[in-house]
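A short write-up of the structure that comes next.
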Amino acid sequence: MLVELAVHSADIQDRDGATLLLQKMGHYRQRHSRLRLIFADGGYRGRFVQWVRGWFGRTVEIVERHAVGRFVLLPKRWIVERTFSWLGRYRRLSKDYETLPESSEAMILIAMINIMLHRLQPG
């Protein structure tokens, strides 16, 4: 289930986009009060971790890659990849057809609503 969503242009670094997302979530602190731990890729190491702790009051856990050259299942990483796979099944999300980031966000939310409805009432 998607907790929050932010689509931005490709010229914004992922770390900066993550701060945009968390600032968006910060306006709804009551809604996200149960969120305690945020998993992040190694690219988010450093100032981002301190910023999240100071501004948002949450802990960021960096998912480390240890083995090089062979496949190793990274903890929690498969959840994100699985979600991207589910969203990729929707034609409108298979390529970047949208002009506005708001339209992309709306299409992703519609797809997630559809996924959740099918879980509630399969078939």
Side-chain angles (χ1 to χ4, degrees):
M1 188 171 94
L2 214 58
V3 176
E4 195 64 62
L5 166 70
V7 175
H8 55 77
S9 61
D11 64 342
I12 296 176
Q13 291 290 329
D14 287 346
R15 225 182 345 245
D16 299 332
T19 58
L20 294 173
L21 175 67
L22 292 175
Q23 286 173 346
K24 188 176 178 182
M25 288 176 68
H27 297 297
Y28 305 103
R29 287 182 197 260
Q30 292 290 75
R31 186 187 326 168
H32 303 298
S33 62
R34 291 179 48 198
L35 178 66
R36 297 282 176 239
L37 180 63
I38 299 170
F39 291 100
D41 200 303
Y44 295 91
R45 182 175 315 168
R47 289 186 311 177
F48 176 74
V49 175
Q50 273 68 24
W51 180 85
V52 171
R53 190 174 297 126
W55 190 84
F56 197 58
R58 304 299 193 268
T59 304
V60 176
E61 183 178 314
I62 303 296
V63 178
E64 300 283 343
R65 288 187 188 167
H66 297 291
V68 177
R70 63 185 182 98
F71 176 77
V72 175
L73 182 64
L74 298 175
K76 304 298 181 189
R77 179 83 179 237
W78 64 272
I79 297 170
V80 175
E81 300 300 330
R82 177 193 64 192
T83 305
F84 285 149
S85 174
W86 289 340
L87 292 173
R89 290 188 206 159
Y90 291 84
R91 270 185 109 156
R92 191 78 179 253
L93 298 174
S94 65
K95 293 184 180 58
D96 192 13
Y97 293 115
E98 309 305 326
T99 306
L100 300 173
E102 294 83 7
S103 300
S104 293
E105 286 182 11
M107 288 300 149
I108 292 169
L109 289 174
I110 290 169
M112 288 306 295
I113 289 168
N114 190 4
I115 290 168
M116 296 311 290
L117 285 174
H118 281 92
R119 286 195 181 160
L120 291 171
Q121 185 68 41

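As the structure is a computational prediction, the values presented were derived from the model and not from experiment.
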Seminar exercise, completed: What one should report as the nearest heavy-atom pair of Gly88 and Ser94 is O-CB, 4.1 Å
Problem set entry | Electrostatic pair Lys24:Glu105 at N-O distance under 4.0 angstrom | yes
Seminar exercise, completed: Value for CG (Leu2) from OG1 (Thr83), rounded to nearest 0.5 Å, stands at 7.5 Å
For this session: With the side chain counted from C-beta on, respond yes when Leu93 and Ile108 share a heavy-atom pair under 4.5 Å apart, and no when they do not.
Result: yes
Exercise. How long is the gap from CE on Met112 to CG on Leu5, to the nearest 0.5 Å?
Worked result: 9.5 Å
For this session: Go through the structure and list residues passing salt bridge (Lys or Arg N to Asp or Glu O under 4.0 Å) with Arg45, not counting sequence neighbours.
Result: Glu64
Exercise. Do any N or O atoms from the side chain of Ser85 and from the backbone of Glu81 form a donor-acceptor pair under 3.5 angstrom?
Worked result: no
Tabulate below the donor-acceptor pairs under 3.5 Å that side-chain atoms of residues 116-123 make, not counting sequence neighbours, or state none.
| unit_1 | atom_1 | unit_2 | atom_2 | d |
| --- | --- | --- | --- | --- |
| His118 | ND1 | Asn114 | O | 2.8 |
| His118 | ND1 | Asn114 | OD1 | 2.6 |

Problem set entry | Residues which pass ring-ring contact (aromatic ring centres under 6.0 Å, His included) with Phe48, listed by chain and number, not counting sequence neighbours | Tyr44
Exercise. Once you round to the nearest 0.5 Å, how far does CD1 of Ile38 lie from CD of Glu61?
Worked result: 11.5 Å
Exercise. Members other than Ile12 in its cluster, when Ile, Leu, Val, Met, Phe, Trp, Tyr link by side-chain heavy atoms under 4.5 Å?
Worked result: Leu20
Exercise. Could you state the interatomic distance from NE2 (His8) to CG (Asp16), rounded to the nearest 0.5 Å?
Worked result: 8.5 Å
Problem set entry | Stepwise side chain to side chain contact (heavy atoms under 4.5 Å, CB included) test for Leu21 and Glu4 | CA-CA 7 Å; Leu21 175 67; Glu4 195 64 62; 3.7 Å; yes
Exercise. Under a 4.5 Å side-chain heavy-atom rule over Ile, Leu, Val, Met, Phe, Trp and Tyr, are Val7 and Tyr97 clustered together?
Worked result: no
Exercise. If you draw a 6.0 Å radius around CZ in Arg47, do more than 12 non-hydrogen atoms from other residues or ligands fall strictly inside?
Worked result: no
Problem set entry | Atom CZ of Arg15 with >12 non-hydrogen neighbours under 6.0 angstrom | no
Exercise. If you look at every heavy atom in Gly42 and Ile62, which pair is closest and at what distance?
Worked result: CA-CG2, 3.7 Å
Exercise. Who are the ring-ring contact (aromatic ring centres under 6.0 Å, His included) partners of Trp55, not counting sequence neighbours?
Worked result: Trp51
Exercise. Are the side chains of Arg53 and Val60 in touch, meaning some heavy atoms are under 4.5 Å apart?
Worked result: no
For this session: Taking side chain to side chain donor-acceptor pair (under 3.5 Å) as the test, write out the residues that go with Glu98, two or more places apart.
Result: Arg92
Seminar exercise, completed: dist Thr59:OG1 -> Arg36:CZ (nearest 0.5 Å) comes out at 9.5 Å
Exercise. Just wondering, more than 12 heavy atoms not from Arg91 lying within 6.0 Å of its CZ?
Worked result: no
Exercise. For the side chain of Arg89 and the backbone of Leu87, is there at least one donor-acceptor N/O pair under 3.5 Å apart?
Worked result: no
Exercise. Going through the checks in order, is the side chain to side chain contact (heavy atoms under 4.5 Å, CB included) test met by Ile115 and Tyr90?
Worked result: CA-CA 10 Å; Ile115 290 168; Tyr90 291 84; 3.4 Å; yes
